[in-house]
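One structure is given here, and the rest of the page talks about it.
We're numbering straight along the sequence, starting at 1.
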Amino acid sequence: MKTAVFVAWIAFYVSVLLIARRMWTGKYVRSPLARALFVNMVSEDATAAPETQEWYRCCPDMLGEALRPLFVQSHMDPDTRAFLKRSEEKSSWLFTQLYHSFFSTVFSPIISRTSINGFLGRGSMFVFSGDQFHRLLQISPDWQGHRLLDLGAGDGGVTEVMGRHFKEVYATEVSTPMKWHLHKKNYRVLAVDGWQDTGFQYDLISCLNLLDRCDQPLTLLRDIRRSLVPGTGRLLLAVVLPFQPYVEMGGRWERPKEYVKVKGKTWEEQVTNLSNQVFQEVGFLVEAVTRLPYLCEGDMYKDYYVLDDAVFVLKPKE
């Protein structure tokens, strides 16, 4: 009896998703309201190109005086377009998306979203292209360093962009399924709570969109500073703005132990406050900063998801 109920529930769940997906294709939109909504969605897609330029827009005059000459203007480039195109294609794989949706619904109460994405091989992130990385760090495409550490590396997609420039690539990651992906790419995975005690020093440490999900962000930044090669070591830090920190504790979202309050209403004001207050407090100076979209693969309802990033190159104070 229980088996029959379970099978019936699965059939109902899949049928609802199929109907929802079908009604949002132009051919099957019947009601005037649904058709009007669909036309609006198509219109939004048609104007997507101008909107994507907003992802990179900055008013330098609104930055602090010391930051203005350090701002690097970024633009949509071929690698970013390629990621968006792949995301759109994957979103249209109906039965794959149905399977992903069902798997997430069943296991989300007991497994984190990151681990679910790791099991399914989905949810890849895009922070910057190779060209954007070169311009931000002011390096040539054939530049080589010795040691890279990517904190919270996920599936290693962004690590690859940086890793080709280093002889040794290290990473940390909480999610076990994501660690499997990192091992497959031959990255050396370090313990989340022990990477700073290995005795290594790194030419570059990347901390991408981790600061607002960290219980002790100021301690993390100080540990990074101590782990950089003196003089030449750099921190590549991406921060989602507006800054809204919280951590997941036993399935609940809670305030971090070290709560960092970033002042300002605009992107430019928050970037200035981070630079003048937070980074100064932990011993870092800004060497360069840019505005980029933080992109993530979508699902059957949305081709991709986007957040607003500030990406900094930081150097330790002498």
Side-chain angles (χ1 to χ4, degrees), residues 77 79-80 82-83 86 114-115 117-119 121-211 213-214 220-239 284 287-288 290 292 294-297 309 311-316:
D77 66 4
D79 287 354
T80 309
F83 179 85
R86 287 195 303 271
T114 301
S115 291
N117 286 338
F119 278 121
R122 56 162 289 179
S124 292
M125 306 292 186
F126 186 96
V127 181
F128 43 70
S129 66
D131 183 59
Q132 291 163 348
F133 177 71
H134 301 151
R135 292 182 66 245
L136 197 56
L137 267 73
Q138 301 180 40
I139 58 175
S140 65
D142 57 355
W143 179 85
Q144 283 291 306
H146 182 59
R147 193 176 285 131
L148 164 72
L149 171 62
D150 189 12
L151 298 173
D155 64 0
V158 183
T159 317
E160 287 185 64
V161 176
M162 304 178 287
R164 59 178 63 106
H165 292 283
F166 295 88
K167 296 175 183 177
E168 298 178 15
V169 179
Y170 297 82
T172 69
E173 177 55 50
V174 173
S175 166
T176 298
M178 289 300 186
K179 289 180 185 177
W180 299 338
H181 289 283
L182 295 171
H183 283 300
K184 286 179 183 177
K185 295 176 180 177
N186 295 319
Y187 298 142
R188 306 178 192 186
V189 181
L190 303 178
V192 173
D193 55 356
W195 61 268
Q196 63 273 61
D197 301 320
T198 60
F200 295 151
Q201 287 187 310
Y202 303 90
D203 298 288
L204 181 69
I205 296 179
S206 57
C207 180
L208 306 178
N209 304 304
L210 189 62
L211 213 60
R213 299 295 175 262
C214 177
L220 173 64
L221 289 172
R222 292 187 180 102
D223 286 340
I224 290 173
R225 186 179 184 278
R226 286 192 293 268
S227 301
L228 290 169
V229 173
T232 59
R234 295 293 183 267
L235 165 60
L236 185 61
L237 179 72
V239 182
F284 278 107
E287 194 167 69
T290 191
L292 290 171
Y294 176 30
L295 299 167
C296 177
E297 286 180 348
D309 250 357
V311 185
F312 299 87
V313 178
L314 302 178
K315 61 180 180 181

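- Tyr170 has its side chain within reach of Phe200: a pair of non-hydrogen atoms, C-beta onward, lies under 4.5 Å apart.
- Checked by atom type and distance alone, the side chain of Thr172 pairs as donor or acceptor with a backbone atom of Gly152 at under 3.5 Å.
- Take Asp203 and apply the side chain to side chain donor-acceptor pair (under 3.5 Å) test, not counting sequence neighbours, and it matches no residue.
- Among all heavy-atom pairs drawn from Gln201 and Pro230, the shortest one is OE1-CD, 3.5 Å.
- Residues that satisfy the salt bridge (charged side-chain N to carboxylate O under 4.0 Å, His left out) test with Arg225, not counting sequence neighbours, are absent from this structure.
- Tyr202 OH to Leu235 CG: the interatomic distance, rounded to the nearest 0.5 Å, is 13.5 Å.
- Arg234 is linked by a side chain to side chain donor-acceptor pair (under 3.5 Å) to Glu287, counting only residues two or more places apart in sequence or in another chain.
- With sequence neighbours excluded, the residues satisfying ring pair (Phe, Tyr, Trp, His ring centres under 6.0 Å) with Phe133 are Phe128, His165.
- Within a 6.0 Å sphere centred on CD of Gln144, other residues, nucleotides and ligands contribute more than 12 heavy atoms.
- With sequence neighbours excluded, the residues that form a side-chain contact (heavy atoms from CB on, under 4.5 Å) with Val169 are Leu148, Thr159, Phe166, Tyr187.
- Here the side chains of Val313 and Leu236 are in contact, with some heavy-atom distance below 4.5 Å.
- For Glu160, the salt bridge (charged side-chain N to carboxylate O under 4.0 Å, His left out) partners are Lys185, not counting sequence neighbours.
- Partners of Phe83 according to the ring pair (Phe, Tyr, Trp, His ring centres under 6.0 Å) rule, which considers only residues two or more places apart in sequence or in another chain, are Phe126.
- The side-chain heavy atoms of Asp150 and Leu182, taken from C-beta on, include no pair separated by under 4.5 Å.
- Judged as a salt bridge (Lys or Arg N to Asp or Glu O under 4.0 Å), the pairs with a partner in residues 124-148 (not counting sequence neighbours) are, in order, Arg147-Glu168.
- Under the rule for a side chain to side chain donor-acceptor pair (under 3.5 Å), Arg164 has no partner lying at least two apart in sequence or in another chain.
- The nearest pair of heavy atoms linking Asp79 to Gly130 is OD2-N, 3.8 Å.
- Across all their heavy atoms, Leu204 and Met162 have their closest contact at CD2-SD, 4.4 Å.
- When every heavy atom of Leu211 is checked against every heavy atom of Leu237, the shortest pair comes out as CD2-CD2, 4.3 Å.
- By the salt bridge (charged side-chain N to carboxylate O under 4.0 Å, His left out) test, Asp223 is found to be paired with Arg226, residues two or more places apart in sequence or in another chain being considered.
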Worksheet item: Step by step, would you call Val189 with Trp180 a side chain to side chain contact (heavy atoms under 4.5 Å, CB included)?
Response: CA-CA 10 Å; Val189 181; Trp180 299 338; over 6 Å; no
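- Listed here is the closest heavy atom pair of Pro316 and Gly233: CD-O, 3.6 Å.
- Between Val127 and the options Asp309, Val161, Leu295, a side chain to side chain contact (heavy atoms under 4.5 Å, CB included) holds for only Asp309.
- Contact annotation: the side chain of Leu149 never approaches that of Ser227 to less than 4.5 Å [non-hydrogen atoms, C-beta and beyond].
- Legend: residues meeting salt bridge (charged side-chain N to carboxylate O under 4.0 Å, His left out) with Arg222, ordered by chain and number and at least two apart, are Glu281.
- Asp77 pairs by the side chain to side chain donor-acceptor pair (under 3.5 Å) definition with Thr80, Ser129, not counting sequence neighbours.
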